[in-house]
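Take a look at the structure set out below.
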Amino acid sequence: YSLTLNGNPSTLDPQYADDASSNTIIKNLYSGLLTTDQNGNISCCNAKSYDVSANGLEYTFHLRDDNYWFYDKNMNDIIEPDEYFTVTAKDYEFALKRVLDPAMHSPFAEQFTCIKHGGLVSKGELALEMAGVSATDDHTLKITLEYPCAEFPELMTTAAAYPCNEEFFYSTKGRYGLDDESVMSNGAFFVRHWFFDPYGHNNILYMKANSANENESREISPTFLSFEIEDNEEEIRQMFKEGETQCFTTMNSVGYNPEKYAISDSAATTLGLIFNPDDEIFSNLNLRKSLSLSINREELGKKMNGGDMQPAYAIIPPAVDLLGRSYRELSSEKIFDVYDPKEARNYLEKARTELGRRSFDSVKIMVNSAVCGSGSLHQLSTGWQDILGIYIGIEDVTDEEFYSRIESGDYSIALYPVKGNSCSGLSVISQFETIPCLNYAFGDYRYSADILRCPTPSELVEAYSSAERGIMGQFGFIPIAYKKSYLIAAPSNEEIYLDPF
């Protein structure tokens with residue numbers, strides 16, 4: 001089966017990888033104790049069952065005995081070539097402690113501080129051995145939490161909770177996940193060959209089915225995956241056109257007829273306006289409030305006309321699931337509708353007084369053309385001009401230019417795409433704590449800490465809503481639209497599952 005990756009994976013280390021290409025391979029290379037199905041339901045995978053104590057603080061996972069590591073290289077003194085051996089609870093203990101190890105700098109460490117002593121361990125204030133994770137035997141993993149956490153089962157479905165074999169890890173001598181000789185597999189496929197030359201061509205990552213992990217509940221198909229590694233989406237689209245790849249993911253499905261191709265989609269990205277904190281004018285809070293209160297999302301939705309975008313009143317997109325339902329079904333976003341032209345004009349007058357000017361120079365919203373077309377966004381400009389008398393245009397730029405200018409601060413306003421790395425509200429909210437251009441508006445407050453401390457799903461919904469309200473209340477990120485991601489495949493490939501995160 002021929003596929004493509006848009007860019008070389010940075011690492012195949014599940015406890016560290018945080019880019020789309022890496023995660024695509026990792027999801028096919030490893031598997032965890034729990035998993036999430038296409039409907040957002042959490043179920044057992046490599047755990048045959050798990051128990052939760054009455055106080056919600058202790059999780060005991062009982063492992064299956066038919067999940068195997070596979071390593072097929074005769075390049076390692078520790079592991080015999082083509083050897084299968086059972087994944088044990090110790091592999092999960094080692095993996096979770098790696099996430100919390102301050103020397104590792106895992107991007108997922110904060111999410112797992114709900115584990116007992118996790119916060120102190122991740123700061124280096126307690127020894128790693130003090131973390132509340134222990135393998136009581138080969139088939140039993142006990143995890144003790146610092147406090148009841150309704151989000152914890154979802155965390156255990158993420159790649160950061162995939163197992164890591166300690167003996168193999170140290171045998172790679174710092175190369176773990178960085179080449180085809182430094183990875184094992186406990187998932188559906190294993191890496192047979194990985195070649196990448198940034199200055200050359202024919203870059204490829206080749207995987208074969210890990211038949212040892214096929215069982216009554218899990219059929220592995222196809223027998224191989226051949227990923228061509230390309231530099232950009234234009235090259236991938238051309239390969240698809242020429243039949244050299246059988247599917248690809250994209251933010252733009254224009255030109256692909258659903259009667260001719262197998263197309264699946266998911267609204268997993270929230271597009272919102274961000275403002276340069278160093279911009280003399282648009283760093284003004286009252287001006288940002290004025291712009292936000294002038295956005296008529298109902299009218300904006302008519303321009304979007306039910307296409308690949310829909311108006312967004314809040315931050316967490318519809319693709320995020322909770323309890324097997326879209327989070328947006330559990331928490332109505334309409335409570336965040338702040339459209340109020342009269343109040344918008346009042347804030348504009350305050351901004352003019354504070355800035356000492358009656359008019360503002362014309363600026364443009366920078367839009368990443370690889371993410372969305374700007375046509376349906378012109379309603380924003382029309383609304384601001386009609387209500388506030390301010391003209392703000394739109395500037396389409398390439399993906400490379402967009403992120404380069406964000407990093408250098410060469411923008412006044414930008415339409416920024418926010419998407420988590422897993423199907424959880426926590427993953428989305430944490431973007432505002434780690435990405436600099438999103439973080440400046442609300443400072444050092446850690447909404448993720450509040451989310452992790454929620455003991456029940458109903459309180460979790462309220463914590464998500466509170467985080468959305470708190471972030472939007474600073475008017476540094478103004479939600480505009482939820483945007484779909486697409487998987488476009490040849491018509492004989494309907495069974496491929498799109499994980500938009």
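Everything numeric here is computed off the predicted structure, so don't read it as measured data.
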Is [Y] close to [X] at the side-chain level, that is, under 4.5 Å between some pair of heavy atoms?
{"X": "Glu214", "Y": "Glu219", "result": "yes"}
{"X": "Cys454", "Y": "Tyr464", "result": "no"}
{"X": "Asp265", "Y": "Ser485", "result": "no"}
{"X": "Ile406", "Y": "Ile274", "result": "yes"}
{"X": "Ser106", "Y": "Phe112", "result": "no"}
{"X": "Tyr411", "Y": "Tyr416", "result": "no"}
{"X": "Gln431", "Y": "Ile315", "result": "no"}
{"X": "Gln310", "Y": "Pro318", "result": "yes"}

Could you report the tightest heavy-atom contact between [X] and [Y], atom names first, then the distance?
{"X": "Ser412", "Y": "Asp279", "result": "OG-OD2, 2.8 Å"}
{"X": "Ser221", "Y": "Phe189", "result": "O-CZ, 3.9 Å"}
{"X": "Ile25", "Y": "Pro9", "result": "CG1-CG, 4.2 Å"}
{"X": "Ser182", "Y": "Arg175", "result": "CB-O, 3.1 Å"}
{"X": "Ser185", "Y": "Gly187", "result": "OG-N, 3.2 Å"}
{"X": "Ile295", "Y": "Ile480", "result": "CD1-CD1, 3.7 Å"}

Ignoring hydrogens and angles, state whether a donor on the side chain of [X] or [Y] is under 3.5 Å from an acceptor on the partner side chain.
{"X": "Glu154", "Y": "Ser422", "result": "no"}
{"X": "Tyr445", "Y": "Asp450", "result": "yes"}
{"X": "Arg288", "Y": "Ser292", "result": "no"}
{"X": "Thr456", "Y": "Glu459", "result": "yes"}
{"X": "Ser430", "Y": "Glu110", "result": "no"}

Do the side chain of [X] and the main chain of [Y] share a donor and acceptor less than 3.5 angstrom apart?
{"X": "Thr24", "Y": "Ala20", "value": "yes"}
{"X": "Gln111", "Y": "Leu426", "value": "no"}
{"X": "Arg297", "Y": "Pro479", "value": "yes"}
{"X": "Ser332", "Y": "Lys334", "value": "yes"}
{"X": "Ser466", "Y": "Glu462", "value": "no"}
{"X": "Asn186", "Y": "Ser31", "value": "yes"}
{"X": "Ser226", "Y": "Tyr1", "value": "no"}
{"X": "Lys419", "Y": "Pro500", "value": "yes"}
{"X": "Arg469", "Y": "Met472", "value": "no"}
{"X": "Ser294", "Y": "Ser290", "value": "yes"}

Can you tell me how far apart [atom1] ([X]) and [atom2] ([Y]) are? Round to the nearest 0.5 Å.
{"X": "Phe477", "Y": "Ile471", "atom1": "CZ", "atom2": "CD1", "value": "9.0 Å"}
{"X": "Leu377", "Y": "Thr382", "atom1": "CG", "atom2": "OG1", "value": "11.0 Å"}
{"X": "Leu5", "Y": "Ile236", "atom1": "CG", "atom2": "CD1", "value": "7.5 Å"}
{"X": "Asn203", "Y": "Phe196", "atom1": "CG", "atom2": "CZ", "value": "5.0 Å"}
{"X": "Asp13", "Y": "Leu178", "atom1": "CG", "atom2": "CG", "value": "8.0 Å"}
{"X": "Ser21", "Y": "Phe227", "atom1": "OG", "atom2": "CZ", "value": "9.5 Å"}

Should [X] and [Y] count as an ion pair when the cut-off is N to O under 4.0 Å?
{"X": "Asp308", "Y": "Lys483", "result": "yes"}
{"X": "Arg405", "Y": "Glu395", "result": "yes"}
{"X": "Lys302", "Y": "Glu299", "result": "yes"}

Quick check on [X]: does its [atom1] atom have over 12 non-hydrogen neighbours (other residues, nucleotides or ligands) under 6.0 Å away?
{"X": "Lys208", "atom1": "NZ", "answer": "no"}
{"X": "Glu407", "atom1": "CD", "answer": "no"}
{"X": "Tyr16", "atom1": "OH", "answer": "no"}
{"X": "Glu298", "atom1": "CD", "answer": "no"}
{"X": "Asn202", "atom1": "CG", "answer": "no"}

For Phe152 and Phe61, take the angle between the two ring planes, folded into 0 to 90°, and tell me which bin it lands in: parallel under 30, tilted 30 to 60, perpendicular over 60.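 If you compare the ring of Phe152 with that of Phe61, the planes turn out tilted.
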Candidate pair Leu33 and Tyr50, rule side-chain contact (heavy atoms from CB on, under 4.5 Å), full reasoning: CA-CA 9 Å; Leu33 293 169; Tyr50 69 98; over 6 Å; no
Worked check of side-chain contact (heavy atoms from CB on, under 4.5 Å) between Thr36 and Asp321: CA-CA 10 Å; Thr36 305; Asp321 292 320; 5.7 Å; no
Is there a side-chain contact (heavy atoms from CB on, under 4.5 Å) between Leu155 and Phe108 once you walk through the steps? CA-CA 10 Å; Leu155 288 175; Phe108 312 111; over 6 Å; no
Please confirm whether Tyr261 and Phe240 have ring centers closer than 6.0 angstrom.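 Judged by ring-centre distance (under 6.0 Å), Tyr261 and Phe240 do meet the cut-off.
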Check whether the ring centres of Phe432 and Tyr447 lie less than 6.0 Å apart, and answer yes or no.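 Aromatic pair excluded; centres sit 6.0 Å or further apart.
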Take Glu228 and Thr245, measure what side-chain hydrogen bond (donor to acceptor under 3.5 Å, both in side chains) needs, and give me the verdict at the end. CA-CA 8 Å; Glu228 297 282 344; Thr245 183; over 6 Å; no
Hey, which of Val363, Val367, Ile394, Ile478 is the one that makes side-chain contact (heavy atoms from CB on, under 4.5 Å) with Ile413?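 For Ile413, the side-chain contact (heavy atoms from CB on, under 4.5 Å) check succeeds only for Val363.
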Start with the C-alpha gap between Phe248 and Tyr256, add the side-chain angles, then the distance that decides, and say whether ring pair (Phe, Tyr, Trp, His ring centres under 6.0 Å) holds. CA-CA 12 Å; Phe248 71 100; Tyr256 295 93; 5.6 Å; yes
Decide side-chain contact (heavy atoms from CB on, under 4.5 Å) for Phe282 and Leu287; before the verdict, give the C-alpha distance in whole Å, the side-chain angles of both, and the deciding distance to 0.1 Å. CA-CA 7 Å; Phe282 291 97; Leu287 181 56; 3.8 Å; yes
Candidate pair Tyr482 and Glu333, rule side-chain hydrogen bond (donor to acceptor under 3.5 Å, both in side chains), full reasoning: CA-CA 12 Å; Tyr482 301 126; Glu333 61 178 343; 2.6 Å; yes
